Protein chains: 2
Amino acid sequence: MTDTPRPRIRLVDVAREAGLSKTTVSAALNGTGRLSPAVRERAREAARALGYRPNATARLLRAGHARLIGFAVGEYPAGAGSYMESPYFAQLTSATATAALEHGYALVLLPSGATPDEWNDLPLDAAIVADPLIDDPLVEDFLQARIPLFTDRSVEGREGAHWVDIDTVEAVRGVLDHLREQGAGRIAFVSQDARTRFHRESGEAYRSWCEERRVEDRSVLAERPGNGAVVAAVERALGGGADALFVVAEVAPPLVLDAARRHGLAVPRDLLVVCAGEDGSAEHADPPVSTLSLRPTQVAEAGVELLVAALESGDPAPTGRLVRTELTLRASSLR
Amino acid sequence: MTDTPRPRIRLVDVAREAGLSKTTVSAALNGTGRLSPAVRERAREAARALGYRPNATARLLRAGHARLIGFAVGEYPAGAGSYMESPYFAQLTSATATAALEHGYALVLLPSGATPDEWNDLPLDAAIVADPLIDDPLVEDFLQARIPLFTDRSVEGREGAHWVDIDTVEAVRGVLDHLREQGAGRIAFVSQDARTRFHRESGEAYRSWCEERRVEDRSVLAERPGNGAVVAAVERALGGGADALFVVAEVAPPLVLDAARRHGLAVPRDLLVVCAGEDGSAEHADPPVSTLSLRPTQVAEAGVELLVAALESGDPAPTGRLVRTELTLRASSLR
DNA sequence: TTGAAAGCGATACCAA
DNA sequence: TTGGTATCGCTTTCAA
């Protein structure tokens, strides 16, 4: 029944207990200053005995920074399910957290549509907006608040803004070229009605590739995010007689194969398939599915690096970097 | 070329600009105190003109709390890939963040194996350890630091600890009973060598269910986490002649169906399948796969509620709550 | 080698 | 109605 009293132990309490001054105890515990080993030990002992834990907020106030970075995703309107269920965002989020931690920063999760008053009370040194919407208010708010920001290329050149993006156009053309080399003539492009840069740019890249080659534009749009709607879009594409599928909408790759099977199509014999995304089931599907990785881990690492460099140097000059996507060829697109 | 000066605007700066005192400006901006509308407006105007943003750290020091909750997952040893790639943890994480935000708290992402010095500098009001390992050091560290904690039932009764857990034993027996009712006689149990409570308890529940009914124990363990190893385990179970599969190891359900197909087994005719987990592809698989949901969203909400209640009341008395799992029956386990 | 005192930036009491 | 001053808990000169 040790009914420990509520009030937390402060530095002064330790000092009093040890018969030393705040200053000395602080130096002893932080390993700074020139203290005699005896005194240092005495201070440490008192701290241990009292169960002293320094008040983080106070140190931060003194230090002038919080080593905290806000993290939000622009992609999903609040409430439309969780963005983390997407393997891409899951990897992006955890890679960002890991990269930040390695630089001594912790990530604070912000809701997708966060307004300033939701983060104004948080001591954020910087912010990250992953896959911002077009003219994302979140981005504008952070920029206006002069909080260093890392997001995609749409902020290029703005003060305090740092970007990392992928080579979408090149990547899309690479996939399409690959499918053509493997003998596909009617390549359908399955996307989703997303307002992200990737979906917009990849759609444009697909269309211009088709135009250049004078082939029919076989884009199909999923009406909503989620496996169900994307599978429905895939079925439409197959109904249209496609002999290859490039799926950039997020979907579990095995479900695409299921759809093909239902249409009596053998992959890769009758239908070639490439999916964009990080879904781990692609590799173990039957047959294994070729994937275009958007490299969330590399994006996160590069962005955090840029952001931290800006933070440490205090230089608001905008910086940016491009990350290469990676096409992994598997049985589903190789004849 | 507005070369804005580095130093941030503080309250005093606004006060000087407005010809008022810090106190008055503070009251004006916070809407407290009794100020004349004129003065209030003058203060606000000055703040706006200077682009004043209050220092969050300073307010927090004053307020005595940070409204920040640390979030870590015990499950994965650091570096073994990201826990967020699991739909269960992805949902748990985002539901926790959402629930916390609704109560005015923000979530700080901590790495899985975090040691005290990784979070000591963070102003955490509380912590959450999802799916702790047995005797998880993380749990012990938080408890010892007297930081209010929410985790699973293993901390039941300890001061400052709050738990939420699921009815694992009942749930497992329910699934097994269901499979038996549907005519299965040789039910294999596919798990993974995880040190979480769920995997341990579900395994025990399966074994005692088998004993009670004098049927063979057909447990199979995946050697590692990840689709590959789990599919291999499923194949072993099928090789052993199972006529039903209860897969509690995390895997994309369509891959289980693929494995069955490779063994020439039709689902549900020759093989019944139930998967535990939140993988969204189960619903759209062909045939749709029955799933046992561990209800991460409900767990998160209940836990945050308990934690926040304890935080607001300052009462360290331990609390806990049980959440019911949910079995969704689909074609894969219905004859 | 040790300690007194001055901040960090904001809020809240209480006197004017 | 307004403002001086103490305070939150810690770190850091700087003097002794």
Side-chain angles (χ1 to χ4, degrees), chain A residues 6-44 46-47 50-68 117 120-125 145-147, chain B residues 6-44 46-47 50-68 117 120-125 145-147:
Chain A
R6 290 283 94 232
R8 232 177 101 154
I9 308 295
R10 293 154 309 164
L11 190 58
V12 271
D13 301 320
V14 178
R16 192 176 320 111
E17 173 78 9
L20 296 168
S21 77
K22 295 198 304 176
T23 313
T24 308
V25 175
S26 172
L29 299 179
N30 291 318
T32 56
R34 283 163 294 282
L35 290 302
S36 69
V39 167
R40 178 150 287 167
E41 193 40 53
R42 184 143 57 96
R44 291 204 165 128
L50 296 180
Y52 169 70
R53 291 185 8 90
N55 178 312
T57 308
R59 329 179 76 166
L60 294 182
L61 176 58
R62 196 81 245 284
H65 59 242
R67 296 271 131 93
L68 241 36
D117 55 275
N120 258 336
D121 290 334
L122 298 171
L124 304 180
D125 289 348
R146 311 193 121 269
I147 291 180
Chain B
R6 289 285 93 232
R8 233 177 100 153
I9 308 294
R10 295 153 308 163
L11 191 57
V12 273
D13 300 321
V14 178
R16 191 176 321 112
E17 173 77 10
L20 296 167
S21 77
K22 295 197 305 176
T23 313
T24 307
V25 176
S26 172
L29 298 180
N30 292 317
T32 58
R34 284 164 295 281
L35 288 313
S36 69
V39 167
R40 179 149 289 166
E41 194 38 54
R42 184 144 56 97
R44 291 205 164 125
L50 296 180
Y52 169 69
R53 293 188 2 95
N55 178 314
T57 309
R59 334 177 73 163
L60 295 182
L61 176 57
R62 202 73 251 279
H65 59 242
R67 295 273 133 90
L68 242 34
D117 55 276
N120 258 335
D121 289 334
L122 298 172
L124 304 180
D125 289 347
R146 308 191 122 273
I147 291 180

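All chains are named by letter (A, B, ...) in the order of the sequence lines, taking the proteins before the strands, and each is independently numbered beginning at 1. Just so it is clear, the structure is predicted and the values come from calculations on it, not from any experiment.
The side chain of A:Arg62 lies closest to D:dT11, out of D:dT11, D:dG4, C:dA12. Distance from the side chain of A:Leu20 is smallest to C:dG3 among D:dG3, C:dG3, C:dG9. Closest approach to the B:Leu11 side chain among C:dG9, C:dT11, C:dT2 is made by C:dT11 (side chain taken as heavy atoms from C-beta onward). Side-chain proximity of B:Lys22 to D:dT5, D:dG9, C:dT2: nearest is D:dT5.
Within the structure, a side-chain polar atom (N or O) of A:Thr24 is placed less than 4.0 Å from OP1 or OP2 of C:dG3. For B:Tyr52 and C:dA10, the shortest distance from a side-chain N or O to OP1 or OP2 is below 4.0 Å. Contact annotation: B:Ser36 reaches the phosphate of D:dT2 (side-chain N/O to OP1 or OP2, under 4.0 Å). Put simply, A:Asn55 has no side-chain N or O that comes within less than 4.0 Å of OP1 or OP2 on D:dC8. Within the 4.0 Å cut-off from OP1 or OP2 of C:dT11, at least one side-chain nitrogen or oxygen of B:Ser26 is found.
With rounding to the nearest 0.5 angstrom, the CZ atom of B:Arg53 is 4.5 Å from the CD1 atom of A:Ile147.
Here B:Arg42 pairs with nothing under the salt bridge (charged side-chain N to carboxylate O under 4.0 Å, His left out) rule; sequence neighbours left out.
The heavy-atom pair separating B:Leu60 from B:Ala66 by the smallest distance is CD2-CA, 3.9 Å. For the pair A:Val12 and A:Lys22, the tightest heavy-atom approach, listed with the atom from each and the gap, is CG1-CD, 3.3 Å. The shortest heavy-atom contact between A:Leu29 and A:Tyr52 is CD1-CE2, 3.6 Å.
Distance CG (B:Leu60) to P (C:dA12): 13 Å, rounded to an integer number of Å. Between the CG atom of B:Asn120 and the C1' atom of D:dC10 there is a distance of 15 Å, given to the nearest Å. What separates CZ of B:Arg42 from C1' of D:dT2 is a distance of 11 Å, to the nearest Å. Between B:Arg10 atom CZ and C:dT11 atom P there is a gap of 14 Å when expressed in whole angstrom units. Distance A:Asp13 CG to D:dC10 C1': 13 Å, rounded to the nearest Å. The interatomic distance linking A:His65 (NE2) with D:dT11 (C1') rounds to 12 Å, in whole Å. Separating the CD1 atom of B:Ile9 from the C1' atom of C:dG9 is a distance of 13 Å, rounded to the nearest angstrom. The nearest whole Å value for the distance from the CG atom in A:Leu61 to the P atom in C:dA6 is 18 Å.
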I'd like a list of close polar pairs between nucleotides 13-16 of chain C and the protein, N/O only, cut-off under 3.5 Å.
none

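Looking only at side-chain heavy atoms (C-beta outward), A:Val14 and A:Leu20 stay at 4.5 Å or farther from each other. Between A:Asn55 and A:Arg10 the shortest side-chain heavy-atom distance does not fall below 4.5 Å. At least one side-chain heavy atom of A:Val39 sits less than 4.5 Å from a side-chain heavy atom of A:Thr24.
Mapping B:Ala58 and A:Arg59 onto DNA chain D via the closest heavy atom, the residue that lands nearer the 5' end is B:Ala58.
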